[in-house]
Protein chains: 2
Amino acid sequence: MARYDSGMTETRAYHHGDLRRALLAVALEAIEEVGPAALSLRDLARRAGVSHAAPAHHFGDKAGLLTALAAQGFDLLAQTLTAAGDDLLAAGVAYVDFAVRHRAHFEVMFRPEFYRADDAELVTAQGRARAALRAGVAALPTRGAPSDTDRDALAAWSIAHGFATLWLAGALPDRVGDEPREAARAVLRRLAT
Amino acid sequence: MARYDSGMTETRAYHHGDLRRALLAVALEAIEEVGPAALSLRDLARRAGVSHAAPAHHFGDKAGLLTALAAQGFDLLAQTLTAAGDDLLAAGVAYVDFAVRHRAHFEVMFRPEFYRADDAELVTAQGRARAALRAGVAALPTRGAPSDTDRDALAAWSIAHGFATLWLAGALPDRVGDEPREAARAVLRRLAT
DNA sequence: AATCGTATCTTGCCATTGACAAGATGCCGC
DNA sequence: GCGGCATCTTGTCAATGGCAAGATACGATT
């Protein structure tokens with residue numbers, strides 16, 4: 001069968017092995033090509049070389065698959081932010097860079113209508129990401145009442161998230177260039193002074 | 001026929017009258033209920049009381065309908081921003097308020113994979129919105145080189161857009177409350193000082 | 001090592017949808 | 001009236017999501 005000769009050392013051994021992981025991998029490719037809305041489970045099955053009903057066994061339905069992807073994404077984001085360290089500007093740049101480099105994950109993560117927001121694994125992953133976000137803001141010098149920290153955190157998250165979203169939507173003028181980290185740094189500096 | 005007794009004075013006279021407008025109206029309702037991705041042309045036809053192929057005549061396909069909605073949305077946004085005046089903070093609050101009050105429009109406008117980005121009417125509407133955006137930022141005192149105005153515009157747009165997007169995604173903590181204008185003002189003040 | 005239980009995957013099926021083609025309906029100008 | 005045309009309907013097809021039932025292979029138990 002064709003499904004046995006996938007060759008590469010990573011995603012092979014479909015039958016008993018990691019079809020689940022393979023499906024998540026091809027799902028990322030498919031989402032980068034057509035977006036999360038136009039994702040087709042049957043297309044994923046074809047890409048993975050399995051029958052059209054195989055994905056359902058591992059994820060139940062499309063929402064199940066996207067839930068798994070979202071959880072994976074929040075974990076990855078938490079990792080990325082933690083690695084960026086305590087500097088607010090660096091964390092913001094890392095946030096934008098994550099959105100661009102892991103576009104498929106990012107586009108699923110903030111579309112709760114596509115997945116099951118009450119999934120346990122997802123919720124804990126979101127918690128990790130949230131904690132990593134706040135860690136970056138905590139390093140800011142407090143400029144007033146302690147409640148200002150919350151406001152600052154929201155402001156920082158908003159500007160990074162907004163820039164990333166506009167970048168991905170192709171809404172920004174060409175003049176900002178094609179280097180997201182650089183462009184993000186210039187904009188985020190406006191707030192993180 | 002049932003399609004003639006829509007009663008209200010606004011969207012009546014389907015056969016020769018404004019099926020197009022009626023379809024756009026029910027599309028907004030449907031999008032608020034299930035999101036733009038799960039929008040079904042046949043469902044719109046049922047809501048409007050026409051046959052399943054009627055929408056295709058006015059919009060060609062689903063992308064055509066969403067293109068019309070996006071153009072309508074950008075025009076509405078331009079209007080809203082212009083009405084908000086020259087104050088940057090007020091413009092930002094108006095932007096967020098627009099996103100929440102016209103959620104369906106907003107959710108389509110920034111998903112170019114759903115519509116035809118090269119549509120003429122859409123492009124001009126985008127131009128109007130972009131101009132209105134820049135007008136709000138131009139009132140800011142310049143704090144350096146003139147190129148800073150571009151940066152400031154991007155920063156302001158990013159923070160307002162990010163806050164709006166996170167609000168719509170339900171990603172913000174409950175503690176921000178349920179009054180978008182108020183919450184947005186508190187966050188945007190952090191930048192527009 | 002043989003067997004049983006179970007996870008994994010396949011085949012078959014049905015309702016829904018988007019898109020297209022062809023036909024019906026009714027308005028409007030001549 | 002009458003013809004042309006925009007508008008809307010009916011009919012159809014391929015693709016999809018999801019479900020049910022069956023096949024297959026692994027692993028644990030004896």
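Just so it is clear, the values below take in all heavy atoms, side chains as well, and ignore hydrogens, waters and symmetry mates. To find a chain, count down the sequence lines: A is the first, B the second, and so on, and within it residues start at 1.
Put simply, the residue from B/V26, B/L44, B/L66 that forms a side-chain contact (heavy atoms from CB on, under 4.5 Å) with B/I31 is B/L66.
The CG atom of B/L39 sits 11 Å away from the P atom of C/dA19 (whole-angstrom rounding). Rounded to a whole Å, the CG atom of A/L41 is 11 Å from the P atom of D/dC19. If you measure from atom CG of B/L44 to atom C1' of C/dA19, you get 15 Å, rounded to the nearest angstrom. Taking atom NZ of residue B/K62 and atom C1' of nucleotide C/dT16, one finds them 12 Å apart after rounding to whole Å. Atom pair A/F59:CZ and D/dT16:C1' shows a separation of 18 Å (rounding to whole Å applied). Atom-to-atom, CG of A/D18 to P of C/dT8 comes out at 12 Å; the value is rounded to the nearest Å. In this structure, A/D61 places its CG atom 12 Å from C1' of D/dC19, rounding to the nearest Å. Atom CZ in A/R42 sits about 13 Å away from atom P in D/dC19, given to the nearest Å.
Counting non-hydrogen atoms of neighbouring residues, nucleotides and ligands closer than 6.0 angstrom, the CD atom of A/E32 exceeds 12 such neighbours.
At C/dT17, one or more side-chain N or O atoms of B/R46 fall inside 4.0 Å of OP1 or OP2 (strictly under the cut-off). One finds a side-chain N or O of B/H58 lying less than 4.0 angstrom from the OP1 or OP2 phosphate oxygen of D/dC8. For A/S40 and D/dA15, the shortest distance from a side-chain N or O to OP1 or OP2 is not below 4.0 Å.
Counting any heavy atom pair closer than 4.0 Å across all strands shown, B/L65 reaches no nucleic acid atom. Within 4.0 Å (heavy atoms only), B/A56 reaches no atom of the nucleic acid at all.
A/H105 and A/H102 have tilted rings, their planes meeting at an angle from 30° to 60° on a 0 to 90° scale.
With D/dT10, D/dC8, C/dG18 as the choices, the nucleotide that has an atom nearest any side-chain atom of B/A54 turns out to be D/dC8. Minimum atom distance to the side chain of B/S51 is reached by D/dC8, of the listed D/dG18, D/dC8, C/dA19. Side-chain atoms of A/H52 lie closest to C/dG12 of the nucleotides C/dC9, C/dG12, D/dT16.
Taking the nucleotide of DNA chain C with the nearest heavy atom to each of A/H57 and A/A53, the more 5' of the two is matched to A/H57.
Using a cut-off of 4.0 Å between Lys/Arg side-chain N and Asp/Glu carboxylate O, B/E33 and B/R47 are scored as salt-bridged.
In this structure, B/D97 CG and B/R185 CZ are separated by 10.0 Å, a value rounded to the nearest 0.5 Å.
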